[in-house]
Amino acid sequence: MKNDIILAGVGGQGILSIAAAIGMASVNSNLHIKQAEVHGMSQRGGDVQSHLRISDQPIASDLIPAGKTDLIISVEPMEGLRYLPFLAPNGWLVTNTTPFNNIPDYPETDALMGEIKKVKNHVAIDADTIAKEAGSSRASNIVMLGAASLFLDIPFEKIEEGIKQLFGRKGEEIVELNLKALRAGREFSEKNKS
Amino acid sequence: MNKQLLLGDEAIAQGAIDGGLSGIYAYPGTPSTEIMEYIQGSKQAAELNIHRKWSANEKTAMEAAIGMSYAGKRAMVCFKHVGLNVAADAFINASITGVNGGLVVVSADDPSMHSSQNEQDSRFYAKFAMIPILEPSNQQEAYDMTYHAFELSEKLNVPVLLRITTRLAHSRADVQRKETKKQNGIKLPSNPRQFVLLPAIAKKNYKGLLQQQPAMEEESDKSTFNTFINGKNTDMGIITTGIAYNYLMENYPDRNCPYPVVKISQYPIPRKMVTELYNSCKSLLIIEEGYPIVEDAMKGFMNIGKPIHGRLDGTLPRDGELNPNIVAKALGLSFTEGQPVPDVVKNRPPSLCQGCSHRDVYADLNEAMKDYGTGRVLADIGCYTLGALPPFNAINSCVDMGASITMAKGAADAGLVPAVAVIGDSTFTHSGMTGLLDAVIENTPITIIISDNSTTGMTGGQDSSATGKIVQICQGIGVKPEHIRVITPLKKNHEDNVKVMKEELAYNGVSVIIPQRECIQTAARRKKMEKKQ
């Protein structure tokens with residue numbers, strides 16, 4: 001078993017919380033994990049990514065080879081496309097459709113959606129709206145995690161467990177909200193995987 | 001003990017704590033910052049009363065660590081690669097003094113310059129200082145090596161350099177801990193003159209360092225961190241250093257590389273292993289994350305032996321970070337490539353936060369400079385370096401920590417009057433103060449803007465040694481009080497601030513303008529902490 005995942009977004013969007021949840025679920029499943037993050041200058045509103053590798057065998061490289069990524073999770077529609085050179089022919093792109101526009105030449109939504117639809121396996125999800133329906137727009141990353149969880153070889157219960165561990169300190173209400181967001185994301189993928 | 005998921009930096013920090021550390025000294029710098037941060041946040045470190053405060057710069061950090069070693073305890077210094085330049089005087093001489101308590105120097109290199117102005121390879125410094133290097137290939141090794149490094153340092157009577165690169169520093173993996181060792185007690189050096197580098201003593205110490213070289217080589221040859229891995233195909237032998245080993249093995253999913261491999265993680269280069277590889281193979285491929293140091297050593301100037309491939313002959317790129325595909329190409333293996341990036345994807349460079357005080361400073365400065373034209377603003381290293389990019393296009397240099405003030409002075413000496421320096425608060429106390437003294441002594445006509453956001457911003461908001469002290473420091477150095485102007489960089493103060501800047505630009509001597517407003521990120525974190533308490 002091996003899942004090579006790229007998390008994509010903009011500095012400050014909190015992609016590392018998704019990585020942390022998957023990481024926790026992997027450790028709880030006794031899997032090997034390597035997760036390369038970006039710190040420092042790029043965090044200032046620039047594009048950021050994280051390579052997350054999970055396997056039942058020891059993992060060599062911290063970086064995923066180009067063309068070998070099983071899953072790109074993008075919390076913003078343009079950033080996922082930046083890593084298409086890494087995506088395997090049968091890999092999945094799971095992307096949020098809510099743009100993070102902090103540059104003057106940010107592309108038109110239609111143009112972005114056109115490119116996303118060209119990717120053979122993709123799920124485009126309005127995570128912000130679904131998160132709001134679940135109780136808080138701040139849970140949009142957890143909606144994304146839920147949507148992506150369908151393509152991970154980790155039992156869904158382990159991911160739920162990871163969420164409980166991550167948010168446990170913040171109280172029962174926050175845990176429930178995030179679990180709801182997680183399940184809503186998962187449900188969307190089940191219905192809409194193309 | 002259970003396995004923990006740790007960044008490379010955190011593995012080093014935990015390895016040091018468990019290895020009997022008594023004090024860590026550091027100045028923030030990507031990708032090294034999280035080592036100190038982990039120890040500052042560690043309950044265990046607090047219980048063990050380990051010294052864990054930031055230093056003013058890398059040189060003061062290095063010297064304090066030498067002092068702790070002098071007193072017999074185990075000390076660690078951490079910085080990014082260019083920080084080692086700042087600490088170099090102390091670092092090189094620490095190999096001449098030798099150590100008393102174990103002394104470990106961690107230098108984090110940044111190949112591909114993710115967050116740096118160069119990609120210098122710290123291993124050169126260790127060769128220069130003639131001390132051993134440990135270069136982990138994964139997080140577990142980072143932990144194990146740090147744990148072991150203090151003893152190695154004490155055994156060989158030299159500091160040990162632990163060299164890591166960005167990818168290891170900022171990648172997480174599971175790490176198995178060992179038992180925590182007891183700290184050393186205070187114990188003065190048995191030779192009271194060991195640390196007195198008067199020429200007569202230094203000459204003796206230096207001969208001692210030279211005599212230690214074979215022992216260091218022997219340590220490398222028997223080190224468990226260096227391994228000789230047999231392979232059937234001797235057409236080529238492979239040497240990897242540090243994490244380059246991972247990129248090699250990534251290309252053999254069952255980990256069966258057909259070629260013999262020497263995996264180097266401890267230096268000096270293990271002579272016996274490497275000689276055996278050279279003698280048994282028809283050619284060599286050297287895969288190094290960083291400069292081609294081992295490759296250069298293997299080739300020699302005359303390059304008259306067997307063919308040796310690597311970064312120097314173009315088999316691997318001469319610059320930049322390695323990855324599995326680059327190494328696949330060098331091995332002549334096929335590799336995958338995904339789809340190209342669609343044209344619709346635009347660059348998204350880092351930028352100053354909305355609401356950041358530096359934004360207002362540049363809006364004010366650009367307005368104030370209109371009469372003088374562009375090309376006069378010498379800046380420094382920090383978030384405000386992003387002022388070089390649109391929409392500000394406000395600054396004309398970024399060379400090294402503290403260079404803004406001294407470069408402005410040199411430009412003014414050349415006749416570029418007025419010349420302006422832009423420097424942050426933490427960078428000012430790091431190495432701007434001495435340059436200010438130079439300018440004050442000659443009353444050079446420069447205007448220095450110390451953009452004070454009361455934090456070390458770019459690296460994530462560590463405490464700044466300058467906080468609350470800048471005005472007094474400038475007064476103490478001798479800037480005339482009427483030319484020290486404190487302003488508040490806010491949109492509503494734009495006109496007033498421009499006026500202040502124009503007045504000081506017109507003054508024919510040293511003036512310092514201090515725009516003061518806390519970093520919005522640091523302020524948000526502080527408020528969150530206060531709310532918690």
Side-chain angles (χ1 to χ4, degrees), chain A residues 2 10-12 19-20 23-24 26-27 32-48 51-53 57-69 78-79 81-89 91 100 102-108 111-112 114-116 118-119, chain B residues 3 5 7-8 29-31 33-34 110 114-116 138-139 166-174 243 245-253 255 321-325 327-328 335-354 383 385-386 390-391 458-460:
Chain A
K2 167 195 85 81
V10 181
M24 201 105 40
S26 311
V27 171
H32 293 275
I33 173 171
K34 276 202 174 180
Q35 184 221 330
E37 310 173 350
V38 175
H39 294 223
M41 186 176 233
S42 323
Q43 283 180 303
R44 301 273 165 266
D47 56 274
V48 292
H51 286 216
L52 176 57
R53 315 192 73 185
Q57 300 297 317
I59 302 160
S61 166
D62 298 270
L63 294 175
I64 302 165
K68 291 270 176 82
T69 303
M78 183 176 82
E79 290 307 324
L81 297 171
R82 199 184 295 284
Y83 305 101
L84 288 186
F86 283 88
L87 191 63
F100 189 97
N102 66 342
I103 49 171
D105 54 349
Y106 192 87
E108 296 292 331
L112 283 175
E115 290 297 338
I116 289 167
K118 280 189 206 165
V119 178
Chain B
K3 283 194 172 185
L5 202 53
L7 289 176
T30 313
T33 313
E34 293 79 6
D110 190 17
H114 298 281
S115 278
S116 308
N138 58 42
Q139 292 74 1
T166 307
R167 204 50 69 185
L168 178 69
H170 288 165
S171 178
R172 255 172 240 282
D174 40 0
I243 65 167
Y245 176 74
N246 305 341
Y247 300 135
L248 171 68
M249 285 308 165
E250 183 67 31
N251 283 290
Y252 301 102
R255 307 286 176 262
E321 192 181 8
L322 299 172
N323 63 44
N325 284 31
V327 173
F335 54 91
T336 51
E337 271 172 335
Q339 307 163 45
V341 180
D343 292 336
V344 70
V345 176
K346 303 294 178 219
N347 285 336
R348 199 188 306 250
S351 59
L352 292 169
C353 304
Q354 294 302 325
C383 283
T385 316
L386 295 170
M458 182 62 96
T459 44

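Within every chain, numbering begins at 1; the chains are lettered A, B, ... in the order of the sequence lines, protein sequences first and strands thereafter.
For a residue to count as touching a neighbouring chain, one of its non-hydrogen atoms must lie under 4.5 Å from one of that chain's; by this rule A:L81 touches chain B with backbone and side chain alike. For B:P31, no part lies under 4.5 angstrom from a heavy atom of chain A. Neither the backbone nor the side chain of B:N251 comes within less than 4.5 Å of any heavy atom of chain A. Contact annotation for B:E337: only backbone heavy atoms (N, CA, C, O) come within less than 4.5 Å of a heavy atom of chain A. Of the two parts of A:P89, neither the backbone nor the side chain holds a non-hydrogen atom closer than 4.5 Å to a non-hydrogen atom of chain B. Only the side chain of B:E321 comes within contact range of chain A, with heavy atoms under 4.5 Å apart.
In terms of the salt bridge (Lys or Arg N to Asp or Glu O under 4.0 Å) criterion, B:D110 has no residue partners (sequence neighbours excluded). Shown here are the salt bridge (Lys or Arg N to Asp or Glu O under 4.0 Å) partners of A:E115, two or more places apart in sequence or in another chain: A:K118.
A donor-acceptor contact shorter than 3.5 Å is absent between the side chain of B:S351 and the backbone of A:G45. A donor-acceptor contact shorter than 3.5 Å links the side chain of A:K34 to the backbone of A:A60. Remark: side-chain polar atoms of B:Q139 are paired, donor with acceptor, to backbone N or O of B:S171 under 3.5 angstrom.
Among A:P65, A:A88, A:P104, the residue with the largest count of heavy-atom pairs under 4.5 Å with chain B is A:P65. Contact tally against chain A (heavy-atom pairs below 4.5 Å) for B:N325, B:L352, B:L168, B:D343: the top residue is B:N325. The choice from B:L5, B:N323, B:T33 that makes the most heavy-atom pairs within less than 4.5 Å of chain A is B:L5. Interface summary for chain B: among A:L112, A:I33, A:I59, the most heavy-atom pairs under 4.5 angstrom belong to A:I33. Ranked by heavy-atom pairs under 4.5 Å with chain B, the first of A:E108, A:Q35, A:K68 is A:Q35.
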Tell me, with the steps shown, if B:H114 and A:V38 meet side-chain contact (heavy atoms from CB on, under 4.5 Å).
-> CA-CA 9 Å; B:H114 298 281; A:V38 175; over 6 Å; no
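A salt bridge links B:E250 with A:R53: the closest approach of a Lys/Arg side-chain nitrogen to an acidic carboxylate oxygen falls below 4.0 angstrom.
Around atom CG of A:D105, more than 12 heavy atoms belonging to other residues, nucleotides or ligands sit under 6.0 Å away.
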